[in-house]
Protein chains: 2
Amino acid sequence: MPQKTFYNLPDEKRSLIISAAIQEFSKADYNSASINQICRNANIAKGSFYQYFIDKLDLYVYIMTLAIEEKIRFFTSVISEFHSLTLLDQIRLLFLKGIEFAKRHPEYAALGEQFSKGNNETAKSSVIKEGDKLSESLFMQMIQDAKTKGEIDSSVDSFALSLLLQSLNSAVNNYMLNKFGSISYEHNAEDVNSFVDSLLNIIFHGIQNRNEKI
Amino acid sequence: MPQKTFYNLPDEKRSLIISAAIQEFSKADYNSASINQICRNANIAKGSFYQYFIDKLDLYVYIMTLAIEEKIRFFTSVISEFHSLTLLDQIRLLFLKGIEFAKRHPEYAALGEQFSKGNNETAKSSVIKEGDKLSESLFMQMIQDAKTKGEIDSSVDSFALSLLLQSLNSAVNNYMLNKFGSISYEHNAEDVNSFVDSLLNIIFHGIQNRNEKI
DNA sequence: TAACAATATGACCGGGTGGTCACTTATATT
DNA sequence: AATATAAGTGACCACCCGGTCATATTGTTA
């Protein structure tokens, strides 16, 4: 975590450093990201940087914490509405909100992508993946609730379904890569929304032809 | 592609260089991988390396081509059996063979992981992703066939299903990460196999409780 | 054996990195 | 005005990188 000197900085300068760091860490993974570049973009001397942060890892953990906090803040309001929704609508809402978050904070979304690309184990384990843990246990709880309510077949493997739902993100990303050439949430959302619905339709109703029961 | 000098090399030395390169490119993505390290591990001088290959990219494309060729060779035999199988069995076979391939050639599997992590666009576009293109069109064709045969519901979005199936790989990887702490195909395959079956069960039969038709 | 071509070598180049530190400058307190 | 404390600076360190090139070694032909 940053030194007190960092918090003593005028707001403008502090946020300039933060946004320069976010920019760098969302373009390159931890190892490739450059402190020199961050200093250049933030117009501070290298020596100053090391008066604000202990080292590169210190900055990285700080930046990732900011992003995770922002994401949790964004999602907590959604989850509070869950009790009145079916599992299908819960999942759909989660996806749409996820896309909305990435649209509103593309830097944070890119930060997450680079995080998962990183090969530096020290850096990875230093970032508490609260977000992931939260989303996993969230899915599991949603599934259990839906089973209790009789919404979904109780014979379904909850853990498998949970991981399947988590991996849908990569399906959506692949869809955009295929359609737009890059992972971008700027395009018409209609398209992506209907793709999400197609995915959820498959998962809820299955693909097997029921008329062909032999 | 390598210079003729590379092919003039004694077999032993040539394969030593190849395996040193595979080792390096499966540990780090293109940018982070080090030519110096490869030379050290292969016991050749830096100058020698640049007599065999034009540059780093030349080596990378060569190594990736080897891996892709090996993978295609591994899968073509499987695909030839497809005509006699249902879609469910085709997909299951594809997954099991995929796991078997990664088990038999863990270096190649790691090579693919690092490839998808890489940020260097030049390096990425220089590697013709024949494998990916092949698997995508393969899935699409399998789905179309199954629809024609009446195996699966014709109202299912083929493209969405295709991307969903492709993304199942990440679900399997997450499963192993969750269960074993790392992506490793060395462990008991029983476990992974039954996880794959759980996933396929969801996709074929859906999760919605059919008794609860209101 | 002499001459020629092919190959092997590692010091070297320019440029990058994360991190340090003696020093300067600004601010606050006496 | 004098002092003490905090903050800012950039040259510098050791180490890495991908790539070059003059030179040395080897192999082959005449």
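What you see below is based on every heavy atom in this structure, not just the backbone, and it leaves out hydrogens, waters and symmetry mates. All chains are named by letter (A, B, ...) in the order of the sequence lines, taking the proteins before the strands, and each is independently numbered beginning at 1.
Proximity of R40(A) to the phosphate of dT17(C): a side-chain N or O atom is located under 4.0 Å from OP1 or OP2. Under 4.0 angstrom from either OP1 or OP2 of dG18(D) there lies at least one side-chain N or O belonging to N36(B). In this model, the phosphate group of dG8(D) is approached by a side-chain N or O of Y52(A) to a distance below 4.0 Å at OP1 or OP2.
Among the heavy atoms of the strands, none lies under 4.0 Å from K4(B). F53(A) comes within 4.0 angstrom of nothing in the nucleic acid, heavy atoms only. Residue L59(A) is out of contact with every strand shown, counting any heavy-atom pair closer than 4.0 Å.
What separates CG of D58(B) from P of dG19(D) is a distance of 10 Å, to the nearest Å. Between the C1' atom of dC17(D) and the CG atom of N31(A) lies a distance of 14 Å, rounded to the nearest Å. We find that CD1 of I38(B) is positioned 16 Å from P of dC16(D), with the value rounded to whole Å. Look at CZ on F49(B): it is 13 Å from C1' on dC17(D), rounded to the nearest Å. In this structure, Q51(A) places its CD atom 14 Å from P of dA22(C), rounding to the nearest Å.
Comparing dG18(C), dA8(C), dA7(D) by their nearest atom to the side chain of K13(B) picks out dA8(C).
Scanning for side chain to side chain donor-acceptor pair (under 3.5 Å) contacts around N174(B) gives an empty result, with sequence neighbours left out. Listed by chain and residue number, nothing satisfies the side chain to side chain donor-acceptor pair (under 3.5 Å) test with D145(B) (two or more places apart in sequence, or in another chain).
Taking every heavy atom of both residues into account, A28(A) and N119(B) meet most closely at CA-ND2, 4.1 Å.
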Task: Per-nucleotide protein contact string for nucleotides 20-25 of chain D (B base, S sugar-phosphate only, - none; heavy atom under 4.0 Å) - done: BB----
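Atoms CD and NZ, from Q51(B) and K4(B) in turn, are 10.5 Å apart once rounded to the nearest 0.5 Å.
The closest side-chain heavy-atom distance from L93(B) to F82(B) is below 4.5 Å.
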